[in-house]
Amino acid sequence: MKIRPMIDGLKELGFTEYEARIYLALLRSHPSNGNTIATVSGVPTPKVYETLRKMQEREVVFAVAGGDKGTQIRYSPLPYDELLARSKKAFLGNVNFLQEALTDIAEMSDTNWTELFVIHGYAAGMEAIRSALADAKSEIFMSLWSQELDALQEGLMEAHQRGVSIVTLIFDKTVQVPWRSFIHHHSDLIGLRHAGELNLVLDKEKTIIFQAMDERPHAVVSRHPVTIKTTLNYIRHDIYVNRIVEEFGEVMEQRYGAGLNGLINDF
């Protein structure tokens with residue numbers, strides 16, 4: 001049986017290294033005197049009694065009389081089921097306290113208006129987006145590449161099945177999905193400008209702007225109304241323009257040249 005994981009588990013409950021070793025030693029053999037505890041636990045003898053005293057104060061160890069005349073002091077542990085029940089109760093009580101206290105603090109602040117933070121790394125950014133999709137209640141607007149769409153397909157399908165309205169604009173190819181989706185006009189310059197780009201607005205309450213192909217992929221997450229409105233308008237206007245290009249592409253190419261480069265290169 002591996003002792004190290006149990007020691008680490010007890011340390012998560014607030015035990016020190018020595019306390020954890022002594023508690024496990026007493027579970028194996030009790031009641032035991034200090035010398036026996038030192039031998040079984042591996043805790044140095046000079047440290048055993050000091051540690052036992054602290055454990056008695058916390059009532060995870062109890063002293064009992066032993067020997068023929070009852071003068072020998074031995075020690076027994078708090079039963080492990082009581083220890084775990086006590087720890088669980090304390091943990092849940094702390095969680096409930098923090099839930100109420102942190103909620104009160106959050107309601108006193110203007111965090112919902114100014115929240116802005118950066119998530120570094122491709123995997124972390126994608127996980128943040130998946131989590132956001134799972135929380136979507138009414139609508140999702142996204143512009144992205146098919147690679148990221150494939151990776152997010154499950155979360156988007158679950159949202160669609162919940163009745164969330166979804167609109168996507170795909171930068172590189174037509175993709176068959178059960179919600180409204182549009183294809184972006186493609187050219188080498190367009191591909192370069194939008195490389196690795198993903199824009200997301202959820203429920204008009206939250207926006208995530210993700211740069212997946214940057215040397216250091218990162219996502220910017222915000223609930224600020226300015227970033228939400230600007231990002232939503234950006235996606236909408238991109239869809240508007242690309243619908244016009246799809247319907248009037250030949251006329252526009254006559255005016256602006258192949259790939260609409262005469263228009264695109266203007267800025």
Side-chain angles (χ1 to χ4, degrees), residues 92 95-96 98-99 102-103 106-107 111-186 190-191 193-214 217-247:
L92 292 177
V95 168
N96 292 334
L98 287 174
Q99 177 72 41
L102 295 177
T103 298
E107 290 177 349
T111 299
N112 287 339
W113 292 94
T114 61
E115 176 186 3
L116 181 82
F117 58 93
V118 178
I119 299 173
H120 295 284
Y122 184 89
M126 290 295 286
E127 186 58 35
I129 295 170
R130 289 190 186 92
S131 178
L133 294 177
D135 292 335
K137 302 178 183 65
S138 58
E139 65 178 23
I140 296 171
F141 279 82
M142 295 185 75
S143 59
L144 71 169
W145 293 79
S146 59
Q147 175 178 323
E148 280 66 48
L149 177 66
D150 290 343
L152 299 170
Q153 185 88 1
E154 182 178 350
L156 285 166
M157 284 297 298
E158 290 176 355
H160 173 71
Q161 291 168 359
R162 293 198 307 272
V164 176
S165 172
I166 302 176
V167 177
T168 53
L169 174 66
I170 314 301
F171 289 121
D172 52 343
K173 64 182 181 181
T174 302
V175 178
Q176 297 300 319
V177 291
W179 55 80
R180 297 189 72 190
S181 187
F182 303 89
I183 180 69
H184 199 289
H185 169 71
H186 189 73
I190 290 293
R193 288 184 177 179
H194 290 284
E197 180 180 319
L198 185 154
N199 303 288
L200 168 64
V201 179
L202 296 105
D203 304 327
K204 294 187 178 69
E205 295 178 352
K206 183 176 185 177
T207 181
I208 300 178
I209 301 172
F210 186 37
Q211 290 295 330
M213 298 299 292
D214 192 76
H218 63 280
V220 177
V221 183
S222 175
R223 291 184 182 273
H224 197 289
V226 171
T227 60
I228 293 170
K229 184 176 181 179
T230 301
T231 305
L232 183 57
N233 282 340
Y234 170 76
I235 297 172
R236 283 171 169 166
H237 291 159
D238 220 0
I239 292 173
Y240 299 158
V241 171
N242 282 281
R243 289 181 67 181
I244 293 171
V245 172
E246 182 180 1
E247 295 181 25

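Values below: every heavy atom of this structure, side chains too, minus hydrogens, waters and symmetry copies.
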Only pairs under 3.5 Å count here: list side-chain donor-acceptor contacts from residues 165-180, not counting sequence neighbours, and write none if there are none.
| from | atom 1 | to | atom 2 | distance (Å) |
| --- | --- | --- | --- | --- |
| Thr168 | OG1 | Trp179 | NE1 | 3.1 |
| Thr168 | OG1 | Ser181 | OG | 2.7 |
| Asp172 | OD1 | Ser146 | N | 3.1 |
| Asp172 | OD1 | Ser146 | OG | 3.3 |
| Asp172 | OD2 | Ser146 | OG | 2.7 |

Given side chains that start at C-beta, do those of [X] and [Y] come closer than 4.5 Å, heavy atoms only?
X: Ile140; Y: Met142; result: yes
X: Lys137; Y: Leu202; result: no
X: Asn242; Y: Phe182; result: no
X: Lys206; Y: Val221; result: yes

Worksheet entry | Nearest non-hydrogen partners of Ala212 and Pro217, listed with the distance |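 Nearest pair, atom of Ala212 first, then Pro217: O-CG, 3.6 Å.
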Discussion item. I'd like to know if the side chain of Asn199 reaches the main chain of Ile209, judged simply by a donor and an acceptor atom lying under 3.5 Å from each other, with no hydrogens or angles considered.
Written reply: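 No; judged by distance alone, with no hydrogens or angles, the pair does not exist.
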Worksheet item: Taking Thr227 for the side chain and His224 for the main chain, is one N or O donor matched with an acceptor at less than 3.5 Å?
Response: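 It does hold such a pair.
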Distance from [X] atom [atom1] to [Y] atom [atom2], nearest 0.5 Å?
X: Ile208; Y: Leu198; atom1: CD1; atom2: CG; value: 8.5 Å
X: Ile239; Y: Ile244; atom1: CD1; atom2: CD1; value: 12.0 Å
X: Arg223; Y: Phe117; atom1: CZ; atom2: CZ; value: 8.0 Å
X: Gln153; Y: Glu158; atom1: CD; atom2: CD; value: 11.0 Å

Worksheet item: Ser143 and side-chain contact (heavy atoms from CB on, under 4.5 Å): which partner among Thr231, Ile235, Val201?
Response: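 Per the side-chain contact (heavy atoms from CB on, under 4.5 Å) rule, the option paired with Ser143 is Ile235, out of Thr231, Ile235, Val201.
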Worksheet entry | salt bridge (Lys or Arg N to Asp or Glu O under 4.0 Å) contacts touching residues 233-242 (sequence neighbours left out) |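 Those involving residues 233-242 do not exist here.
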Item to complete: Kindly write out the residues that satisfy salt bridge (Lys or Arg N to Asp or Glu O under 4.0 Å) with Glu246, not counting sequence neighbours, or none if the list is empty.
Response: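 In terms of salt bridge (Lys or Arg N to Asp or Glu O under 4.0 Å), with neighbours along the sequence ignored, Glu246 is linked to no residue.
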Worksheet item: By salt bridge (Lys or Arg N to Asp or Glu O under 4.0 Å), which residues pair with Lys229, not counting sequence neighbours?
Response: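 By the salt bridge (Lys or Arg N to Asp or Glu O under 4.0 Å) rule, Lys229 matches no residue at all.
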Practice prompt. Go through the structure and list residues passing ring pair (Phe, Tyr, Trp, His ring centres under 6.0 Å) with Tyr240, not counting sequence neighbours.
Written response: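 Only His237 meet the ring pair (Phe, Tyr, Trp, His ring centres under 6.0 Å) criterion with Tyr240.
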Can I get a per-line list of side-chain donor-acceptor pairs under 3.5 Å for residues 119-136, giving both atom names and the distance, sequence neighbours left out?
| from | atom 1 | to | atom 2 | distance (Å) |
| --- | --- | --- | --- | --- |
| Tyr122 | OH | Glu148 | OE2 | 2.6 |

Discussion item. Assess the residue pair Thr207 and Leu232 against the criterion (side-chain contact (heavy atoms from CB on, under 4.5 Å)); give the C-alpha distance rounded to whole Å, side-chain angles, the decisive distance to 0.1 Å, and a yes or no.
Written reply: CA-CA 8 Å; Thr207 181; Leu232 183 57; over 6 Å; no
